[in-house]
Amino acid sequence: MKEKYFPQETEQRWQKRWADERTFEVKEDPGREKFYCLEMLAYTSGRAHIGHVSNFAIGCALAWYKRMRGFNVLHPFGWDAFGQPAETAAIKDGTDPEKFTRDAIAYMKWQFQRMGISYDWSREIATCDPEYYKWNQWFFIRMWERGMLYRKLAPVNWCPKENISLSNEQAHGGVCWRCETPVIQKPLMQWFARITDYADQLLEGLDRLEGGWPERVINMQRNWIGRSQGADVTFQVADSHESITVFTTRIDTIFGANAIILAPEHPLLAKILEDKPQRDEVLAFAEKLKKEQRSERVEELEKHGIFTGAHTINPFNDERLPIWIANFVLIEYGTGAIMSVPSGDQRDFEFSRKYNIPFRQIKLTDDRREISPEEMETADESWSTTVNTGQWSGLSSEEANRLMTEYAEAHGFGKGAITYKLRDWGISRQRYWGTPVPMIHCERDGALPVPDDQLPVVLPKGVNLKVEGGSPLDHVPEYVNTTCPKCGGPARRDTDTMDTFVDSNWYYFRYCDPHNDQRPFDPEKAHYWMPVDQYIGGIEHAVMHLIYTRYWCKVMRDMGLVKFDEPVSRLLTQGMIIKETYYCPEHEWLFPEQVIDQKTCAICGKEVITGRVEKMSKSKKNAVDPIEMINIHGADALRLFVLFAGPPEKDKEWSDTGFEGAARYLQRIWRIAYKWNERIVSASELSINQLDLSGHQRKLRRRTHQIVRSITENFEERLHLNTCISSLMELTNEIYAFDQAVEKSGDISDSDVAVAREAFEALIPMLAPFAPHISEELWQSFGHKETLARATWPSFSPELAREEEIEVAVQVNGKLRSRIFVGADAGDDDLRVAALADEKVRASTDSREIVRVVVVPKKLVNVVVR
RNA sequence: GGGGAUGUGACGGAACAGGCAGACGUGCGGGUCUCAAAAACCCGUGAGAUAACCUCUCGUGUGGGUUCGAUUCCCACCAUCCCCACCA
């Protein structure tokens, strides 16, 4: 063992040993309790970033801890390898998306392995492997057979100049990202998954996730599902057999309705316009609204609409209400039609004011006044008391709502209804780099699945990606042209590929049985490992991925593949690593070294805008390259720093000096261990419990047990890894203090060695989750042959952790006045007596009447005086 | 517009269940070692009053409230951030 610690050499040596000995590879063991620790699969961008380090470091720490606690820990890793950026890069460079992706995986894997994360690499998967996406196709077909998928015409972002479909990102700001042509919505036949059938289950499941999932994510999912309870009410169209149904959450305001407003896409529009003179004008207007660009900012959107000439009858009071169309009514929500109640809804209010549609007041204010419509400046959306509401006038809004829903139901023109914001999930993409949809279209037999024995439908290679119109696969005749599995006649393959969220729906089930070529996974194996005990990833997946994957689990349950409803028991959304940015008005974003004194541009001398602390990005020149950092102080120091900078779920600011501090700490442990390990290894193993310990020895022993307790509890409950690291530092400082006391006493006794051994043999295993390489090296230097991965987590004794003497705060009227020291077993009465006898307390209670004495056991006494 | 989160020294953060605010680290100041520097080790470091140890006062965004006692609970406000959004 050397005097100084050299991380690079040590880290690579241990990484090799772990790989050679297959230290982290696991298999099912029914005799042992399992723990499934999962980080979100990595997108194959081509380069590791600091966010990966933070994500993996959290998971790895927990995996190490659970391993040492005796769990059979599954900690796998894989690649989210399909998707548009690889295709984009390939178009740009004229390369092949597959080559781009394979190269990215090779390079990133090398980078990730230098971080020394304790993965079972034998289970590695990449979603672009046919052996993996075969099962996406298998699931697709099973779902299609069960009616869980369907095809419908739905709008996609379309660039009319280049004739290609665009993703939402590519259509950002409403223009094509390449030629800046305004994007239009073009309807295409696309595949949808009936996730809305599971809306209620997805919502109810959230209740059970409470406690294990962050409140924030649960709220976002609730919001996303967006359940609204209300009523459907049917309005007859005047002089017609047609009727229009609207959804409302406020049926109690229906007497205030002054119009029915349809979305421009409403299917009944053409019908009600049939005999109207304004027919052509209204249809043209509707077309205009449909083409209208959906602006980024809702507030900036001007409301406009047009009267259709038709009327409906309000079923509650037989009033004739005009039918309008307007841009703010959405075809995709509710029934695509609303009743306009200006006095109770701000949007309706604005619309009616703009077009001078008269309306009526239907609610009282809080102080029970009735404001005339003319006086109103905004709508009153509150729940208060009804007025002008026929036989329901004077009721509370809630009661009127209930009674009027019942009335509508009884009279057959309405009923209670629930509406969701959640839409069916469009899984079609008109792109190349994804899982091919395994369907065949036959003129005679319609859409048919590819027979199972022909799976996977392999993505053809060497495809021209710069095609005009449709998907690149449309232009590959040898792929498209096939035969119908039913009639044997000529047929066409479906050329859509699947949304990459399909890949990430079930990858962690595949980890349980990654090489199975008969099934997506063996249900027995999944039954052993699943559900995931701890999932760790970014908040950006709070809704999409984390809803889709919950949905998929329920689908698999309904197929009989799994036996539980929720795939992830505990979720941790880690924060980002952020760093300050510098912006020069002349030279834009600057690297820190291009800035003098944090305020002047080194190139032009202009004043620099010290930007907000932001997510690291290449373009803002505030990114920190993990491999560069590993080259400076090693992976352990890097991991230690990102975990120490703050609690896992919060954003953490990068600090060069903080990173150095982490490296310094590791050297500090190394030095003190180096000083003691020879003594400890060569000393005979004495039973520490039989030794008579002196003051400094008892103190180190007590602190050791206290800190083991605190770190253990933290891992079990809060997972605030930053405070675990503080505790490790405290124990290290305690060993230094102990070492000084030993120096002072002049010689080293057997009991000194025994106490130091106990401290180091607690400290080193507890360091392993945060800095495994140095821990392994130290562990070995203390005479252990086995890897720490097979070591046992240190235990603590509450008895030994107990303070001998406790310091008790004494307050008078809640203000700190004194501190007293009492024996650890002092009871409440002892504390009371000691506190009242204290000189300072007597001074400040002198001549005043003691009303009460509050005693917090072993902590505090508060003397209340008048 | 709706939903949510956060606010503590110079800085990152700690205080677990309402009980000594500021653990741990960074930075800064001082010391030891050294010819010197770096490194290392040790000490100090919320603000103010006091010559000074003691001691006292103030202090967790602002203002109220509950309580013997509030960083912690409640109400209002201010600020910052995030998510969703003409969602009927």
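Every value quoted in this text rests on a predicted model; they were computed, and no experiment measured them. Every chain is numbered from 1, with letters handed out A, B, ... down the list of sequences.
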**Q** Taking A/Lys675 first and then A/Glu743, would you say they form a salt bridge - that is, a charged N and a carboxylate O separated by under 4.0 Å?
**A** yes
**Q** Please determine if A/Glu302 and A/Lys354 form a salt bridge, counting it only when a charged side-chain N lies under 4.0 Å from a carboxylate O.
**A**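 The answer is yes: the pair qualifies as a salt bridge.
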**Q** CZ of A/Arg222 versus C1' of B/C87: gap in Å, rounded?
**A**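 Going from A/Arg222 (CZ) to B/C87 (C1'), I get 18 Å.
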**Q** Could you tell me if A/Arg360 sits above the aromatic ring of A/Phe255, with its cationic atom closer than 6.0 Å to the ring centre and no more than 45 degrees from the axis?
**A** no
**Q** Could you pull out the protein-nucleic contacts involving nucleotides 2-8 of chain B (nitrogen or oxygen on both sides, under 3.5 Å)?
**A**
none

**Q** State plainly whether the residues A/Glu803 and A/Arg702 are in salt-bridge range, i.e. N to O under 4.0 Å.
**A** yes
**Q** Strictly by salt bridge (Lys or Arg N to Asp or Glu O under 4.0 Å), give each pair with a member in residues 321-331 of chain A just once, sequence neighbours left out.
**A** none
**Q** Would you say the ring centers of A/Phe316 and A/Phe413 fall short of 6.0 Å from each other?
**A**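 Yes, the ring centres sit under 6.0 Å apart.
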**Q** Quick one, which residues of residues 663-677 of chain A touch RNA chain B with a heavy atom under 4.0 Å?
**A**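 Output list: A/Arg664, A/Arg668, A/Arg671.
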**Q** Using the P atoms only, state how far B/C24 lies from B/G46, rounded to an integer number of Å.
**A**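 My reading of the P atoms in B/G46 and B/C24 gives 12 Å.
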**Q** Answer syn or anti for B/G48, where the cut-off is 90° from 0 on the glycosidic torsion.
**A**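 It is anti.
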**Q** If we take the P atom in both B/A36 and B/G31, what is their distance in whole Å?
**A**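 So the two P atoms sit 13 Å from each other.
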**Q** With rounding to whole Å, what would you report as the distance between B/U45 and B/G22 at their P atoms?
**A** 11 Å
**Q** Return yes if a side-chain donor-acceptor contact under 3.5 Å exists between A/Arg550 and A/Gln221, otherwise no.
**A** yes
**Q** Assess whether side chain to side chain contact (heavy atoms under 4.5 Å, CB included) is satisfied between A/Asp656 and A/Phe641, documenting all intermediate values.
**A** CA-CA 10 Å; A/Asp656 288 326; A/Phe641 168 72; over 6 Å; no
**Q** Taking atom C1' in both B/A76 and B/U66, what distance in whole Å separates the two?
**A** 15 Å
**Q** Please classify the nucleic acid contact of A/Lys858 as base, sugar-phosphate, or nothing, using heavy-atom distances under 4.0 Å.
**A** nothing
**Q** Can you tell me how far P in B/A23 sits from the matching atom in B/A15, rounded to whole Å?
**A**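 Result for the P pair: 12 Å, nearest Å.
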**Q** Separation of A/Arg819 atom CZ from B/U55 atom C1', in whole Å?
**A**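 Distance check: A/Arg819 CZ to B/U55 C1' gives 13 Å.
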**Q** With a 4.0 Å cut-off, would you call A/Asp829 and A/Arg832 a salt bridge?
**A**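 Result for this pair is yes, salt bridge flagged.
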**Q** Are there runs of at least three consecutive Watson-Crick or G-U pairs touching RNA chain B, with each pair's two distances under 3.5 angstrom? Give them by first number.
**A**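 B:1-7 with B:78-84, B:10-12 with B:24-26, B:27-32 with B:40-45, B:46-49 with B:55-58, B:61-65 with B:73-77 - these are the stems of 3 or more pairs that involve RNA chain B.
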**Q** If you look at every heavy atom in A/Thr386 and A/Ser397, which pair is closest and at what distance?
**A**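 Between these two residues, the closest heavy atoms are CG2-CA, 4.4 Å.
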**Q** Indicate, with a heavy-atom threshold strictly under 4.0 Å, whether A/Ser655 touches base, sugar-phosphate, or nothing.
**A** nothing
**Q** Residues from residues 334-353 of chain A sitting under 4.0 Å of RNA chain B, heavy atoms only?
**A** A/Ile338, A/Arg347
**Q** Among all residues two or more places apart in sequence or in another chain, which pass the salt bridge (charged side-chain N to carboxylate O under 4.0 Å, His left out) test with A/Arg250?
**A** A/Asp252
**Q** Whole angstrom is fine here: how far is it from CD in A/Glu332 over to P in B/A85?
**A**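 Interatomic distance, CD of A/Glu332 to P of B/A85: 11 Å.
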**Q** Rounded to whole Å, how long is the line connecting atom CZ of A/Arg703 with atom P of B/A23?
**A** 13 Å
**Q** With heavy atoms under 4.0 Å as the rule, sort A/Ser228 into base, sugar-phosphate or nothing.
**A**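 Sugar-phosphate, backbone atoms only, no base.
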**Q** Considering only the P atoms, how many Å lie between B/A21 and B/G59, rounded to the nearest integer?
**A**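 So the two P atoms sit 12 Å from each other.
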**Q** Heavy atoms only, 4.0 Å cut-off, all strands: where does A/Asn714 land among base, sugar-phosphate and nothing?
**A** nothing
**Q** Which part of the nucleic acid, if any, lies within reach of A/Lys859 when heavy atoms closer than 4.0 Å are counted: base, sugar-phosphate only, or nothing?
**A**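 Counting heavy atoms under 4.0 Å across all strands, the contact made by A/Lys859 is with sugar-phosphate only.
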**Q** In whole angstrom, give the distance that lies between atom CD of A/Gln740 and atom P of B/G31.
**A**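 Atom CD in A/Gln740 sits about 19 Å away from atom P in B/G31.
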**Q** Within less than 4.0 Å of OP1 or OP2 of B/C87, is there a side-chain N or O belonging to A/Tyr420?
**A**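 Negative; the distance criterion is not met.
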**Q** Aromatic rings A/Phe659 and A/Trp654: how do their planes relate, parallel, tilted or perpendicular, breaks at 30° and 60°?
**A**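 Aromatic pair A/Phe659/A/Trp654 classed tilted.
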**Q** Picking from B/G13, B/A88, B/C24, which would you name as closest to the side chain of A/Pro647?
**A** B/G13
**Q** Quick one: do A/Arg222 and A/Asp207 make a salt bridge, cutoff under 4.0 Å?
**A** yes
**Q** Roughly how many Å apart are B/U32 and B/A37, using the C1' atom of each and rounding to a whole number?
**A** 15 Å
**Q** Starting from P on B/C86, measure out to CG on A/Asn327 and report it in whole angstrom.
**A**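 For the pair A/Asn327 CG and B/C86 P, the rounded distance is 11 Å.
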**Q** Nucleotides 68-70 of chain B: which of its N/O atoms have a protein N/O under 3.5 Å away?
**A**
{"residue": "B/C68", "atom": "OP1", "partner": "A/Arg852", "partner atom": "NH1", "Å": "3.3"}
{"residue": "B/C68", "atom": "O2'", "partner": "A/Asn862", "partner atom": "ND2", "Å": "3.4"}
{"residue": "B/C68", "atom": "O2", "partner": "A/Asn862", "partner atom": "ND2", "Å": "2.4"}

**Q** Under the side chain to side chain contact (heavy atoms under 4.5 Å, CB included) rule, collect the residues that match up with A/Arg216, sequence neighbours excluded.
**A**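 If we apply the side chain to side chain contact (heavy atoms under 4.5 Å, CB included) test to A/Arg216, skipping adjacent residues, the hits are A/Met220, A/Ile539.
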**Q** Judged by modelled atom types alone, do A/Asp232 and A/Thr245 share a side-chain donor-acceptor pair under 3.5 Å?
**A** no
**Q** Would you please indicate if the ring centroids of A/Phe285 and A/Trp324 are separated by under 6.0 Å?
**A**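 Not under 6.0 Å, so no.
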**Q** In whole Å, I'd like the distance from the CZ atom of A/Phe659 to the P atom of B/G27.
**A** 14 Å
**Q** Return the set of residues passing side-chain hydrogen bond (donor to acceptor under 3.5 Å, both in side chains) with A/His633 (not counting sequence neighbours), or none when no residue passes.
**A**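 In terms of side-chain hydrogen bond (donor to acceptor under 3.5 Å, both in side chains), with neighbours along the sequence ignored, A/His633 is linked to no residue.
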**Q** State plainly whether the residues A/Glu3 and A/Arg671 are in salt-bridge range, i.e. N to O under 4.0 Å.
**A** no
**Q** Could you tell me how far B/A39 sits from B/G29 if I compare only their P atoms? Round to whole Å.
**A** 13 Å
**Q** Who pairs with A/Arg353 by side chain to side chain contact (heavy atoms under 4.5 Å, CB included), at least two apart in sequence or on another chain?
**A** A/Phe349, A/Phe359
**Q** Does the pair A/Arg703/A/Glu730 count as a salt bridge with the N-to-O cut at 4.0 Å?
**A** yes
**Q** Quiz question: by atom type and distance under 3.5 Å, do the side chains of A/Tyr665 and A/Thr732 form a donor-acceptor pair?
**A**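 Checked: A/Tyr665/A/Thr732 side chains pair up, N/O donor to acceptor below 3.5 Å.
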**Q** To the nearest Å, how far apart are A/Asp838 CG and B/C20 P?
**A** 18 Å
**Q** Specify the residues of residues 717-728 of chain A, ordered by number, for which at least one heavy atom lies under 4.0 angstrom from an atom of RNA chain B.
**A**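 Per residue number, the list reads A/Arg718, A/Asn722, A/Thr723, A/Ser726.
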**Q** What pairs of nitrogen or oxygen atoms, one from the protein and one from nucleotides 57-59 of chain B, lie under 3.5 Å apart?
**A**
{"residue": "B/C58", "atom": "OP2", "partner": "A/Lys815", "partner atom": "NZ", "Å": "3.2"}

**Q** Salt bridge between A/Lys858 and A/Asp828, side-chain N to carboxylate O under 4.0 Å?
**A**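 Here A/Lys858 does not pair with A/Asp828 in a salt bridge, since their nearest N and O are not under 4.0 Å apart.
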**Q** Please compare A/Ile331 and A/Gly658 by the position of their nearest nucleotide in RNA chain B and report the one closer to 5'.
**A** A/Gly658
**Q** If we count only N and O atoms by modelled type, under 3.5 Å, do the side chains of A/Ser343 and A/Asp380 hold a donor and an acceptor together?
**A** no
